[in-house]
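The structure under discussion appears below in the form of structure tokens.
Please read all numbers here as calculations on a predicted model, not as lab measurements.
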Amino acid sequence: MRGDMDVHTRIGENGQPETATQPFRVLFVCLGNICRSVAAEHTFNAAVESAGLADHVQSDSCGTAAYHIGEKPDARMRDALARAGYAYNGHRGRQFSCRDFVDFDLIVPQDASNYEDVLALASTPEEMAKVVPMSAWFADDCPLHEVPDPYYGGIQGFDDVVALLAAATQQMACDIARAES
């Protein structure tokens with residue numbers, strides 16, 4: 001991703017670029033909004049805070065499916081986040097909505113399936129341009145092409161996802177900070 005996107009350029013209602021006067025808003029998306037997208041939201045918030053961007057950047061997460069609306073994240077993911085030093089922020093599961101294309105500047109699906117699901121809901125080229133896979137911020141030597149779903153695996157899978165997302169969201173925060181300066 002590095003350098004491919006001006007995180008402060010938004011498309012206004014007239015279809016023309018405009019300068020951001022409100023916080024830049026990022027939405028992380030996975031299937032059920034109880035594991036990967038929640039971890040991305042938490043690690044990103046910490047990276048944004050560390051970069052001194054908390055007043056300029058906001059994030060949220062959601063799922064493409066309605067399986068876990070209103071539920072807390074998976075307990076194993078909350079535990080993995082706690083082991084890595086991230087405090088649970090009270091997030092409850094919600095489903096992606098077409099309104100999210102209006103409310104968010106960047107929409108970040110965690111895997112190829114959710115990427116395709118979100119793109120299928122986009123109705124304009126501008127909405128499509130907001131959708132960027134999480135893997136865009138993976139390290140160049142990362143062998144993965146998407147964030148693996150730890151749901152059906154063991155505890156190590158949750159810890160691995162948190163570590164992967166911590167590195168990727170740190171890179172994302174650095175890209176935003178660079179654009180900020």
Closest heavy-atom pair and its distance - Leu121, Cys98: O-SG, 3.9 Å
Student check: side-chain heavy atoms of Val147 and Asp111 closer than 4.5 Å: no
Distance, nearest 0.5 Å, that separates CD1 of Ile176 from CG of Leu106: 7.0 Å
Interatomic spacing from CE in Met134 to CG in Leu144 - rounded to 0.5 Å: 12.5 Å
Test item: Trp137 and Val108 side chains (from C-beta on) under 4.5 Å apart, heavy atoms: yes
Crowding at OH, Tyr67 (>12 non-hydrogen neighbours, <6.0 Å): no
Residue pair Ser97 / Asp103, side-chain heavy-atom distance below 4.5 Å: no
Step-by-step side chain to side chain contact (heavy atoms under 4.5 Å, CB included) determination, Gln110 to Leu165: CA-CA 10 Å; Gln110 303 301 294; Leu165 289 169; 3.3 Å; yes
Side-chain (Gln95) to main-chain (Gly63) donor-acceptor, under 3.5 angstrom: no
Side chain to side chain contact (heavy atoms under 4.5 Å, CB included) between Lys72 and Arg92, intermediate numbers included: CA-CA 5 Å; Lys72 288 181 179 179; Arg92 296 294 182 138; 3.4 Å; yes
Flag side-chain contact, heavy atom, 4.5 Å: Asn33 against His68: no
Side chain to side chain contact (heavy atoms under 4.5 Å, CB included) between Asn45 and Glu49, intermediate numbers included: CA-CA 6 Å; Asn45 286 344; Glu49 180 75 32; over 6 Å; no
Cluster overlap Ile155 with Val161, hydrophobic side-chain contacts below 4.5 Å: no
Heavy-atom side-chain contact between Tyr115 and Leu119 under 4.5 Å: yes
Student check: side-chain heavy atoms of Val132 and Met172 closer than 4.5 Å: no
Remaining members of hydrophobic cluster (4.5 Å side-chain criterion), Tyr151: Ile34, Tyr152
His42 side chain vs Asn89 backbone, donor-acceptor pair below 3.5 Å: yes
Side chains of Asp100 and Cys62 in contact at under 4.5 Å (non-hydrogen atoms): yes
ILVMFWY cluster, Phe138 and Val26 together (side-chain gap under 4.5 Å): yes
Shortest non-hydrogen contact between Pro148 and Leu164, atoms and distance: CD-CD2, 3.9 Å
Over all atoms of both residues, closest heavy-atom pair of Leu53 and Ala173: CD1-O, 3.8 Å
Atom of Ser37, atom of Ser61 and distance for their closest heavy-atom approach: O-CB, 3.4 Å
Shortest non-hydrogen separation from Glu146 to Ala112 and the atoms involved: OE1-N, 2.8 Å
Pairwise distance CG(Leu31) to CZ(Arg36) - rounded to 0.5 angstrom: 7.0 Å
Minimal non-hydrogen separation, Cys35 against Asp74, with atom names: SG-CB, 3.8 Å
Hydrophobic cluster membership, Val48 vs Val29, 4.5 Å side-chain cutoff: no
Asp160 vs Pro150 side-chain heavy atoms within contact, under 4.5 Å: no
Asp79/Arg76 ion pair, N-O < 4.0 Å: no
Joint cluster assignment, Phe28 & Phe24, ILVMFWY side-chain distance < 4.5 Å: yes
Joint hydrophobic cluster, Phe96 plus Phe44, side-chain heavy atoms closer than 4.5 Å: no
Stepwise side chain to side chain contact (heavy atoms under 4.5 Å, CB included) check, Thr124 with Phe101: CA-CA 10 Å; Thr124 67; Phe101 286 114; over 6 Å; no
